[in-house]
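Heavy-atom basis, side chains included; hydrogens, waters and symmetry copies ignored. Proteins get letters first, then strands, A, B, ... in listed order; numbering begins at 1 in each. Since the structure is predicted, the reported quantities are computational estimates derived from the model, not experimental observations.
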Amino acid sequence: MRAFLRFFTSVKVAITLLIILICASILGTLIPQDRSSQEYLVRYGQIGGLLQRLQFTRLYRSVWFVSLLALFGLNIIVCTIERLPPKLRRALRPRFEAEPKNLLSLKIKDRLKSTLPLAGARDAAKKELARHHYRPRVDEAGARIFVVARKRVFGLFGSDVVHLGLLVILTGGIISGLGGLRSSLTLVENQTLPVPQAGFSIRLDKFSTELYPDGNVKDWKSDLTVIEDGKPLYQKPIEVNHPLSYRGFVFYQSGYGWDWQNPSLEIRIKKKSDAAYLQKLRLFVGKAASLEGESLEVTATRFFPDFILDENNQPATRSLEPNNPAAFIEGKQGEETVFSGWVFAKFPEFTSMHSAKETDLVIELKEVEAPQYSVIQVAKDPGVTLIWIGCTLLMAGLFLAFYWPTREIRLVLETIQGKTEITAGGISAKSREAFEAEFNGIMNSLRKTK
Amino acid sequence: MNESTLFAATFVLYILAAFFYLAFLYSKREKPAATGFRVALLGLLLHTLALILRTVESGHAPFTNMYESLSFLAWATVFAYLFIEWKHRVHRVGAYLLLIVIGLMALASSPLMPKDATPLIPALQSYWLWLHVSVTLVGEAFFAVAFITSIMYLRAETREKGGRAAKSGLTAERLDSISYRAVAVGFPLFTLGGLVFGMVWAYKAWGTYWSWDPKEVWSLITWFVFALYLHTRIVMGWRGRRSAAIAIIGFLAALFTYFGVNYLLAGLHSYA
């Protein structure tokens with residue numbers, strides 16, 4: 001057990017884990033994640049099945065990757081705890097240096113003679129150190145006085161605060177993973193839907209798309225109302241980057257679209273022979289409408305918002321955006337089809353009508369409307385508070401570790417041949433140059449103190 | 001003066017500064033290096049002006065497409081260099097680092113990069129765009145400095161092993177220490193901008209602070225590599241060649257996060 005613990009607390013394990021995590025993460029970005037079995041089979045052939053069994057296709061949620069992260073967390077815990085006691089001892093019980101010789105073996109050191117008596121030199125040194133924000137402690141033994149002065153002691157714990165932050169983040173991640181809820185609600189205006197597992201509902205009052213002058217989308221906005229027990233409680237417009245929060249549930253504007261199953265089409269009917277003739281008809285897909293004055297029934301049998309001919313030369317839609325709306329229109333007189341064909345809203349000249357008999361009519365697709373819906377992401381993430389706490393600790397720890405280095409100055413004051421002599425040494429793990437300058441400044445002003 | 005003129009003038013100044021630094025490398029006199037520093041500083045000022053002008057003209061942060069973000073990265077790299085130069089006097093680094101800057105500027109001005117300022121798509125309309133991108137790129141610029149000083153370390157070390165003296169006081173040991181200093185600045189900035197601000201913004205915009213999107217994973221990988229650099233150095237006492245190698249790999253990972261992910265891996269970060 002002890003041997004195992006010693007092995008597990010070694011930095012080598014941490015480094016090995018880091019390297020494995022790096023390699024695994026890279027692998028996860030090379031294999032597309034969370035696709036269908038078929039896609040993997042097409043892409044990788046025989047290996048596709050193996051990749052799925054090894055969970056390489058949902059790598060970051062795989063048992064082995066999560067175990068690696070857990071092991072990493074465990075390693076951080078034991079490494080930090082193992083290194084904490086000596087640091088605490090160092091922080092709480094500063095060590096005096098009894099032997100001037102030892103001080104002179106340090107990299108930052110000085111030795112000077114003072115005209116002051118021993119006690120006076122001690123007080124001068126204390127004052128000078130305090131002036132530079134050091135906290136001096138003094139011990140006396142016989143003819144020698146020992147001083148240890150330190151500042152920024154908390155900097156010792158920078159790396160521990162970083163590690164604590166990482167652990168808090170990992171814990172937050174686990175809580176998010178286990179207790180988090182995510183779903184998406186698709187709402188048309190004035191529709192109310194219950195939020196899953198929330199005990200309240202949400203209503204979409206209004207959905208709007210703002211455009212830039214050049215036609216690009218500037219923003220999507222959904223006016224939402226929180227409804228509980230049938231009563232509206234809270235209202236807020238949400239837009240991208242500005243979600244609504246209510247009782248731990250957060251609502252995000254995530255998408256929008258049109259319900260192309262139920263479009264409303266406006267067609268115009270003209271006559272080649274009569275320029276003044278114009279009839280408007282509103283059509284719903286599959287429902288016949290009769291044309292006044294002509295004994296004609298007009299039906300839109302199919303509709304595509306973004307018409308395209310697919311690889312089999314069949315009509316299809318490329319997207320759900322109304323980029324190229326097209327409807328298949330049939331005109332019937334009784335049981336007899338007079339004309340039929342595709343009409344295009346944006347390309348009236350492409351209209352190609354098959355006519356059974358000679359017809360004078362020209363059909364144009366003028367306007368296309370469909371109920372617009374807004375897609376709202378609902379998320380409940382109980383781990384997120386821990387994440388922000390962890391991030392704050394992480395940054396605070398990094399600051400301490402890099403920019404709040406502990407500095408320590410040890411002095412031995414003694415009387416040699418009736419004269420006071422001060423031997424000093426400085427210890428700092430980081431930014432030695434800056435510390436050396438400060439150290440020399442303190443020593444020089446001690447030299448001048450009379 | 002419009003933005004593209006300023007950009008072009010900046011480009012010329014950076015080339016000029018690199019020229020002076022190269023002259024310093026070969027002439028061994030101090031003067032060209034001092035001139036190079038001043039020219040680069042002037043370039044940085046003009047570049048700053050260009051970025052401000054771009055912001056005013058477009059009405060949004062100057063890093064929303066590849067041209068803008070390359071230009072900003074070049075700015076950040078010059079800034080990082082001048083900062084390190086001012087703190088540690090490392091003239092010799094100038095020539096090499098400015099070559100990277102010139103590369104970035106050339107890439108930004110290449111016809112492959114659309115330069116038109118387009119209106120912001122909804123997902124990018126957030127002040128987190130400023131915080132997330134600028135802090136991350138400045139952090140990466142310091143990684144670029146560490147990259148150059150690490151390569152220079154490897155060369156200097158070989159030279160010193162061969163018994164030849166260090167050039168102009170920049171010993172291998174100092175290069176090693178300066179690499180560490182650059183990482184010590186870059187790592188906290190990268191953590192703050194890339195990871196922390198990124199998570200906050202992702203939470204605000206997408207409803208989840210982490211979604212294992214390739215760009216997120218690659219910034220985590222970059223972070224892991226520099227964590228490796230720091231631990232091997234501080235706890236295990238690695239110095240020199242091995243440290244330099246990790247710093248070089250770290251910068252390449254950062255570069256891939258910045259560039260490669262956009263072009264090679266699809267994901268949520270499809271805008272820039």
Side-chain angles (χ1 to χ4, degrees), chain A residues 11-12 14-15 18-19 21-23 25-26 28-30 32-33 59-61 79 83 159 162 169 172-173 176 180 182 210 212-214 216-220 239-243 250-254 377-379 381 383-384 387-388 391-392 394-395 398-399 401-403 429-433, chain B residues 87-88 118-129 177 180-181 183-185 187-189 191-192 195-197 199-201 203-218 220-225 227-228 230-232 234-236 249 253 256 260-261 264-267:
Chain A
V11 189
K12 278 185 188 138
I15 283 165
L18 266 176
I19 293 173
L21 278 172
I22 290 171
C23 296
S25 303
I26 292 176
T29 62
L30 298 180
Q33 299 287 299
L59 191 141
Y60 304 111
R61 273 171 276 276
C79 281
R83 282 162 183 71
S159 62
V162 170
I169 290 173
S176 294
R182 262 189 103 70
E210 265 180 63
Y212 288 109
D214 68 351
N216 283 317
V217 175
K218 185 178 180 200
D219 208 358
W220 294 291
E239 48 193 297
V240 184
N241 274 312
H242 301 279
V250 192
F251 298 86
Y252 301 88
Q253 180 69 54
S254 100
Q377 281 276 339
V378 190
D381 197 331
V384 78
I387 298 292
W388 305 145
C391 286
T392 312
L394 177 67
M395 289 321 299
L398 283 176
F399 172 77
F402 285 112
Y403 299 105
K430 293 197 182 78
S431 61
R432 227 180 47 217
E433 282 149 42
Chain B
K87 290 276 278 193
H88 304 290
T118 48
L120 276 190
I121 61 163
L124 292 181
Q125 292 164 19
S126 169
Y127 55 90
W128 288 103
L129 172 66
S177 135
Y180 171 74
R181 302 278 166 95
V183 173
V185 178
F187 188 70
L189 285 176
T191 311
L192 183 70
L195 297 174
V196 176
F197 287 169
M199 285 203 283
V200 177
W201 190 13
Y203 183 70
K204 290 198 86 172
W206 301 328
T208 164
Y209 52 85
W210 192 264
S211 32
W212 296 103
D213 155 77
K215 197 142 191 149
E216 289 175 357
V217 176
W218 270 97
L220 186 67
I221 291 166
T222 307
W223 194 81
F224 277 156
V225 174
L228 204 67
L230 293 169
H231 283 82
T232 50
I234 295 166
V235 189
M236 293 173 72
I249 294 171
F256 188 75
V261 175
L264 301 174
L265 310 166

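Residue L230(B) touches chain A through its side chain alone, counting heavy-atom pairs closer than 4.5 Å. Interface residue E433(A): only side-chain heavy atoms are found under 4.5 Å from chain B. Neither the backbone nor the side chain of F399(A) comes within less than 4.5 Å of any heavy atom in chain B. Heavy atoms closer than 4.5 Å to chain B are found in the side chain of I387(A), but not in its backbone. For Y203(B), the parts lying near chain A are the backbone and the side chain together; criterion is any non-hydrogen pair under 4.5 Å.
Under the rule for a side chain to side chain contact (heavy atoms under 4.5 Å, CB included), the partners of T208(B) that lie at least two apart in sequence or sit in another chain are R182(A), W206(B), S211(B). For the ring-ring contact (aromatic ring centres under 6.0 Å, His included) test, no residue two or more places apart in sequence or in another chain qualifies with Y252(A).
When the candidates F187(B), Y209(B), W210(B) are compared by the number of heavy-atom contacts under 4.5 Å with chain A, Y209(B) comes out ahead. Chain A forms the most heavy-atom pairs under 4.5 Å with one residue out of Y180(B), W212(B), W128(B), and that residue is W212(B). Interface check for chain B: of the options W388(A), W220(A), F251(A), the most heavy-atom pairs under 4.5 Å are formed by W388(A).
For the atom pair CZ of F197(B) and CG of L189(B), the computed distance is 9.5 Å after rounding to the nearest 0.5 Å.
A donor-acceptor pair under 3.5 Å links the side-chain atoms of Y403(A) to the main chain of A184(B), judged by distance alone.
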Test R83(A) against V235(B) for side chain to side chain contact (heavy atoms under 4.5 Å, CB included), laying out the working first. CA-CA 11 Å; R83(A) 282 162 183 71; V235(B) 189; 4.2 Å; yes
